[in-house]
Amino acid sequence: MSDKPKFVYVIYIASTPDEVFSALTDARQSARYWFGYEVTSDWKVGAEFALVKDGRRWDTGKVLEYDPPRRLSYSFHPEHDGLENEKPSRVAFDLDEINGQVKLTMTHDDFEDGSEVLPKIQAGWPSILSSLKSLLETGKELPPFWRGDYDKK
Amino acid sequence: MPEFKPRTVYVTYIAATPEKVWQALTSSEFTRKYFWDRDIELEPKLGGAFALKLPDGKVNVRGKVIAWDPPRKLAVTWQVEWPDEFRKLPECVVSYEIVPAGEAVRLTMTESHSWNVPEAILSGGRTGWPAILSSLKSLLETGKVPAIQMEPPREMIEAIKKL
């Protein structure tokens, strides 16, 4: 096992792999659970990936794996807050059906040593994926509190 | 008391009030539903007794309250008493922190250990907590708990045998 820094987050969602996979790749749904950010890509391996909000590309990457509804991965490169100089990291989602629900495993790895991106994504993923779970289980995403509204309070 | 270091942290955001999340963490009416049928016994004070019990009354986990600040922070020492072979595990500390996040709350579970605990043993909590706390979130947001069947990871059981 590698000692390279990575962040793994597991969440169980009362939904189907198809619905979870679709939410991970659909801009309209992501705008709801990802606090306004649209996941934008044509989802072909090698295609460009971007997180877009207010017409700006905040994070970019390339689609590395697209295997619906089991696995999705893309490279991840922030284009903001002075993080542009770090090399891209990698995001992967694995979906397993367990007891009639979905075990979603998000693995974010391939960071530079001393990465400044790592602590930011560690703080971000639990809120994004908690909101995704809420949206799929209740029809309502979590109220915004991250990057913006929450900081102002 | 020896020094306990955080080894596993799980964060979830729940559309509920801090009071409701506190109630779910501390009352059997809730734990029975999201924590694999376990009842919780908790003396509501610092130094109070804590236990998780199976439906047949057997004690699964026993400990003491070492932080009590409703509805913000709860920490307990955690000695596994069942299954029998798990008794060899040194006591750990489990703490919950509840912080308002807009109209939702951020719940942070931290499992801390006082010894150089092998990854194989940590795999128990790293497998279990996401299921338990996903179920807690579902229960508070939807009133329903999807059943997640789970056994301790094989690597954990093997590692405990070697202790």
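As a basis for the values below, the full set of heavy atoms in this structure was taken, side chains included, without hydrogen atoms, waters or symmetry mates. Just so it is clear, the structure is predicted and the values come from calculations on it, not from any experiment.
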Heavy-atom pair of closest approach, residues [X] and [Y]:
| X | Y | result |
| --- | --- | --- |
| Ser130(A) | Thr12(B) | OG-OG1, 3.4 Å |
| Ala14(A) | Pro146(B) | CB-CG, 4.1 Å |
| Thr138(A) | Thr142(B) | CG2-CG2, 3.6 Å |
| Tyr13(B) | Leu142(A) | CB-CD1, 3.4 Å |

Item to complete: Pick one of side chain, backbone, both or neither for Ile11(A), based on which atoms fall under 4.5 Å of a heavy atom in chain B.
Response: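 Both backbone and side chain.
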Tell me if the [atom1] atom of [X] is crowded by more than 12 foreign heavy atoms within 6.0 Å.
| X | atom1 | result |
| --- | --- | --- |
| Glu116(A) | CD | no |
| Glu43(B) | CD | yes |
| Lys88(B) | NZ | yes |
| Glu151(B) | CD | no |
| Lys87(A) | NZ | yes |

Worksheet entry | Residues of residues 128-141 of chain B within contact distance of chain A, non-hydrogen under 4.5 Å |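 Residues in range: Pro130(B), Ala131(B), Ser134(B), Lys137(B), Ser138(B), Glu141(B).
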Item to complete: Select all residues of residues 49-60 of chain B having any heavy atom within less than 4.5 Å of some heavy atom of chain A, and report them by number, or 'none'.
Response: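 The residues closer than 4.5 Å to chain A amount to none at all.
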Same hydrophobic cluster for [X] and [Y], using side-chain heavy-atom links shorter than 4.5 Å among ILVMFWY?
| X | Y | result |
| --- | --- | --- |
| Val91(A) | Trp58(A) | yes |
| Trp115(B) | Phe86(B) | yes |
| Ile121(B) | Ile157(B) | yes |
| Trp82(B) | Val80(B) | no |
| Val65(B) | Trp78(B) | yes |

Item to complete: Write out, in numerical order, the residues from residues 17-32 of chain A with a heavy atom short of 4.5 Å from a heavy atom in chain B.
Response: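 Result: none.
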Practice prompt. Would you mind listing the cluster partners of Val52(A)? Hydrophobic ones only (ILVMFWY), side-chain contacts under 4.5 Å, chaining allowed.
Written response: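 Under the 4.5 Å side-chain rule, Val52(A) groups with nothing.
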Practice prompt. Could you tell me whether a side-chain N or O of Tyr9(A) sits under 3.5 Å from a main-chain N or O of Tyr10(B), the two making a donor and an acceptor?
Written response: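 Checking the backbone N and O of Tyr10(B) against the side chain of Tyr9(A), no donor-acceptor pair under 3.5 Å is found.
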